[in-house]
Amino acid sequence: MASVSAPAQAAQVSSAPLQRGIVKMVLSGCAIIVRGQPRGGPPPERQINLSNIRAGALARRAAQGQPDIKDTPDEPWAFQAREFLRKKLIGKEVCFNVEIKTAIGREYGMVYLGKDTTGENIAESLVNEGLATVRREGIRGNNPEQARLCELEDQAKASKKGLWSEGGGTQTIRDLKYTIENPRNFVDSLHQKPINAIIEHVRDGSVVRALLLPDYYLVTVMLSGVKCPTFKREADGTETPEPFAAEAKFFTESRLLQRDVQIILESCPNQIILGTILHPNGNITELLLKEGFARCVDWSMAVYTQGAEKLRAAERSAKERKIRIWKDYVAPTANLDQKDRQFVAKVMQVVNADAMLVKLNSGEHKTIHLSSIRPPRNEGEEKNKDKDKRFRPLYDIPYMFEAREFLRKKLIGKKVNVTVDYIRAATGPGESTPAFPERTCATVTIGGINIAEALVSKGLATVIRYRQDDDQRSSHYDELLAAEARAIKNGKGLHSKKEVPIHRVADISGETQKAKQFLPFLQRAGRSEAVVEHVFSGSRLKLYMPKETCLITFLLAGIECPRSARNIPGGMQVAEPFSDEATRFTKELVLQREVEVEVESMDKAGNFIGWLHIEGLNLSVALVENALSKVHFTAERSPYYKTLVSAEEQCRKRKEKIWANYEEKPVEEVVHLSEEKERVPNYRPVFVTEISDNLHFYAQDVETGAQLETLMETMRAEIAAHPPVEGSYAPRRGDYCLAKFADGEWYRARVEKVESPAKVHVFYIDYGNREVVPSTRLAAMPPAFSTRTLPAQATEYTFAFIQVPQDEDARADVVDCIVRDIQNSQCLMNVEYSGASCPHVTIQFGDTKDDVGLGLVKEGLVMVDVRKEKHLQKMVTEYLNSQESAKSARLNIWRYGDFRADDADEFGYRR
């Protein structure tokens with residue numbers, strides 16, 4: 001019980017001056033704490049005990065760890081006295097004088113409500129209500145104030161007020177409950193309804209001790225969603241305040257301490273009661289954030305019932321003003337211009353389940369990662385479950401395919417709003433983590449829908465948890481947490497207890513045998529649905545066939561697209577002009593889009609060849625129309641040939657892109673059977689370089705001979721300056737390369753067959769001869785000397801109007817004769833008609849202009865191949881007359897007469 005008269009050792013304070021202050025706290029019915037005005041921090045405070053009166057002592061809890069000492073209950077009317085003063089004084093200005101100060105520093109005096117002594121005398125009010133007794137033993141009779149107290153006490157006794165009422169006041173003793181047996185059940189039983197309370201103590205800005213009414217539960221409540229700086233307890237028992245801890249505590253004390261409030265108890269994780277304190281003047285949680293005394297905390301934000309977005313907005317306001325705990329705050333996007341923080345972009349590719357490639361209005365491409373979410377990933381031992389199988393994250397990680405497909409179907413080709421939340425700095429590789437480049441993390445919305453939130457709500461991604469001081473997070477982080485909570489509750493996607501979906505996708509790219517089996521099925525199917533998974537170049541793509549659940553490599557039919565740069569043995573093959581533009585065009589048009597494909601055939605590597613359509617547009621035609629591809633002769637038999645040729649002709653005329661350096665060449669006059677009424681010869685000079693056993697021969701055009709010589713000289717100089725590393729080139733069938741001939745010089749060649757590294761069959765494309773060489777005599781062909789720079793100079797031809805005997809000896813005689821007459825010599829050549837494998841021509845000697853083929857007929861070495869075209873009849877007649885002359889003279893094959901009349905195959909001849 002508080003002492004009210006001065007003890008013997010107390011010193012009387014003479015002529016005590018009048019002082020003023022604000023009542024911070026009422027300790028009991030006869031003691032208060034008064035504070036001054038704050039100036040640059042929490043103000044000074046002092047305890048004032050009321051002179052000459054005594055009020056009952058409040059209940060006190062026994063010290064922890066001393067089981068022998070019991071809790072002390074309230075004395076009768078003690079709580080009512082405290083409440084009387086609390087309701088009258090808390091937060092009000094009072095004036096007081098200190099009459100007595102004890103040796104231990106305790107101060108006693110008179111307290112008046114207001115600015116001077118004309119205000120209500122607090123001690124007299126207490127005595128008048130019967131809530132305090134007068135300490136008469138120390139009263140001097142000549143003191144009118146003390147006499148007044150005695151008079152008021154007598155009146156209260158007569159009126160039986162308070163302490164003087166009948167019954168002893170046992171009904172006024174509170175049943176205080178310091179602990180709750182099951183806090184979680186207690187909180188849940190209140191169903192988040194506001195309950196009346198008095199704040200009894202403020203530990204720090206966000207933790208208070210509250211007395212719950214009317215059942216007198218004394219509980220510690222932590223404000224939901226926020227955390228203020230705290231006082232750290234050191235090993236020696238002292239407390240060290242964090243920056244702004246004292247200021248935050250005073251902020252809460254000055255507004256809530258011993259105020260009547262309502263509290264919503266919201267949750268109780270780990271025996272910690274979380275709640276929101278409601279005061280008529282506002283919500284202290286939001287105020288602490290707005291004034292920079294607190295920061296939002298994610299783990300308790302989810303249970304906050306008054307709208308988490310309000311808390312984030314209040315915190316954001318403090319950050320922008322850089323006040324108090326945010327004085328050194330730098331926003332994650334502070335270094336970005338406004339146009340880089342918020343922009344509209346078109347989604348070109350979904351890179352992963354949490355990232356996408358977008359195209360800005362400037363044409364620049366940028367990778368955007370969705371803020372604060374993590375895509376599906378393998379956990380634990382599942383990563384190494386099947387080491388023999390090639391790991392494909394898109395199909396092997398549960399729900400990765402579903403997440404990617406959700407984003408692809410919703411976003412590809414559409415414009416989205418991007419708000420950059422933060423830039424995640426690049427990280428180096430760690431012991432168990434890979435290196436990551438710098439990442440732009442943003443909130444992406446389309447039609448008002450937050451894509452990350454939609455992904456999380458379907459259980460196709462999880463929300464990243466951060467350190468409390470990590471501000472690099474989504475601007476809609478709370479919505480993401482709420483979406484994840486819904487997904488977990490409803491068992492969606494990754495949170496489902498069902499078996500995870502399995503995607504058995506066969507990759508038959510490069511699998512020749514599988515492709516052969518699959519080809520007839522695709523050919524019969526006509527147009528098949530597909531999704532473009534990857535674009536290797538303008539005309540080479542990887543497709544996912546959803547109905548067949550397989551991946552195929554697909555080549556566009558009917559066109560010849562510039563080749564992209566690629567690694568080859570011995571170095572990098574330089575990209576051909578406009579190859580990157582063609583690749584970019586195809587990517588922007590079809591990557592990750594749903595398309596239709598018509599498969600026509602397949603190549604030797606197991607790649608399918610055909611036509612690809614997107615929204616009615618033929619991709620092959622589109623590439624040709626945009627001057628990014630040429631028409632390939634294989635398109636002749638397709639229904640799209642006329643469209644392709646027409647588009648190519650238009651681009652050629654405009655000299656666009658790949659046609660920029662195009663020059664019209666004189667068209668070689670080939671005699672058309674139906675159009676020409678008579679033969680019009682057009683002999684041109686050629687150089688015969690090689691003659692084969694079947695009487696086909698290879699010839700070079702004399703007009704381009706100088707170009708070939710220049711190319712060969714330049715090429716050999718290049719090789720001399722940078723000799724190829726022996727054995728570095730790995731030949732593959734169909735590759736163009738350089739081969740060292742028997743004369744020690746290098747020539748352009750094509751690989752026809754690879755038996756082994758020691759036996760590689762090559763064809764010399766400028767001369768027509770073939771050779772088997774070891775791979776050590778081969779090297780990669782530099783792009784500067786490729787067939788695009790100068791086409792292969794050796795062209796295959798055969799003799800017109802001639803049938804070669806099948807007898808080996810007779811055939812050898814013909815070949816020997818031809819080799820002797822025209823090999824390695826310049827002749828004149830005229831194309832007479834086309835054949836299955838090569839043009840049929842007549843050859844004249846360069847000097848005499850005699851017909852070589854006709855000479856063979858005259859010598860009886862060959863037979864005449866009778867053609868029925870009208871315009872050739874004059875030539876055919878001349879050949880037949882010469883054949884009859886050879887027969888009559890029984891020359892060579894006719895030496896035994898006309899053997900064809902026997903019609904017998906055993907003679908070695910056929911008509």
Side-chain angles (χ1 to χ4, degrees), residues 1-39 42-58 78 81-156 162-163 250 253-254 257-258:
M1 187 174 288
S3 177
V4 293
S5 62
Q9 71 270 28
Q12 186 75 34
V13 179
S14 59
S15 63
L18 198 64
Q19 301 178 59
R20 294 186 182 86
I22 305 294
V23 178
K24 169 189 169 182
M25 186 177 183
V26 176
L27 298 174
S28 68
C30 57
I32 62 174
I33 292 179
V34 179
R35 66 169 174 82
Q37 293 294 341
R39 289 183 177 86
E45 55 187 52
R46 61 203 291 190
Q47 178 178 330
I48 303 296
N49 300 283
L50 299 177
S51 300
N52 302 315
I53 66 169
R54 178 191 293 126
L58 292 168
R82 201 287 302 262
E83 285 295 275
F84 178 80
L85 289 189
R86 182 183 71 79
K87 293 176 180 178
K88 189 180 287 291
L89 298 181
I90 283 296
K92 302 284 180 62
E93 185 177 10
V94 296
C95 61
F96 61 92
N97 55 20
V98 178
E99 297 176 342
I100 299 170
K101 188 171 184 178
T102 67
I104 59 173
R106 181 172 290 180
E107 297 177 315
Y108 294 86
M110 302 297 288
V111 178
Y112 301 90
L113 186 60
K115 296 185 177 181
D116 52 39
T117 54
T118 60
E120 181 181 345
N121 185 316
I122 300 304
E124 290 180 1
S125 298
L126 278 166
V127 172
N128 186 52
E129 294 296 325
L131 297 174
T133 59
V134 180
R135 181 79 182 205
R136 293 177 181 250
E137 57 268 26
I139 291 179
R140 293 182 298 280
N142 60 352
N143 189 322
E145 292 178 351
Q146 294 175 340
R148 172 74 176 155
L149 288 174
C150 294
E151 183 184 332
L152 289 171
E153 185 180 48
D154 292 339
Q155 291 175 6
L163 288 163
F250 173 71
E253 275 183 348
S254 62
L257 185 59
Q258 289 197 332

Point-to-point distance, once rounded to the nearest 0.5 Å, from CD1 of Ile90 to CG of Leu257: 6.0 Å

Asn49 side chain vs Glu107 backbone, donor-acceptor pair below 3.5 Å: yes

Separation between CD1 of Ile33 and CD1 of Ile22, rounded to the nearest 0.5 Å: 14.5 Å

CD on Glu99 to OG on Ser51, rounded to 0.5 Å: 4.0 Å

Residues Arg136 and Asp154 bridged, charged N to O under 4.0 Å: yes

From CA spacing to verdict: side-chain contact (heavy atoms from CB on, under 4.5 Å), Glu120, Tyr112: CA-CA 5 Å; Glu120 181 181 345; Tyr112 301 90; over 6 Å; no

Minimum heavy-atom distance Leu126-Ala81, with the two atoms named: CD2-O, 4.1 Å

Donor-acceptor contact present, side-chain Asn97 to main-chain Met110, <3.5 Å: yes

Heavy-atom side-chain contact between Leu89 and Ile32 under 4.5 Å: yes

Charged N-O contact under 4.0 Å between Glu253 and Arg35: no

Worked check of side-chain contact (heavy atoms from CB on, under 4.5 Å) between Gln19 and Arg46: CA-CA 12 Å; Gln19 301 178 59; Arg46 61 203 291 190; 2.5 Å; yes

Donor-acceptor under 3.5 Å (Glu153 side chain, Val127 main chain): no

Shortest non-hydrogen contact from Ala78 toward Ala57: CB-O, 3.4 Å

Main-chain N/O of Gln258 paired with Arg86 side-chain donor or acceptor, under 3.5 Å: yes

Steps toward salt bridge (charged side-chain N to carboxylate O under 4.0 Å, His left out) verdict (Arg148, Glu145): CA-CA 5 Å; Arg148 172 74 176 155; Glu145 292 178 351; over 6 Å; no

Pair Arg82-Leu58, side-chain contact (heavy atoms from CB on, under 4.5 Å): steps then yes or no: CA-CA 8 Å; Arg82 201 287 302 262; Leu58 292 168; 3.7 Å; yes

Inter-residue atom distance Ser28.OG - Leu85.CG, 0.5 Å rounding: 8.0 Å

Nearest-0.5 Å distance that lies between atom OH in Tyr108 and atom CG in Asn52: 11.0 Å

Verdict with supporting geometry, Phe250 and Lys24, side-chain contact (heavy atoms from CB on, under 4.5 Å): CA-CA 10 Å; Phe250 173 71; Lys24 169 189 169 182; over 6 Å; no

Pair Gln37-Arg20, side-chain donor/acceptor within less than 3.5 Å: no

Thr117 OG1 to Leu18 CG distance, which is reported to the nearest 0.5 Å: 6.5 Å

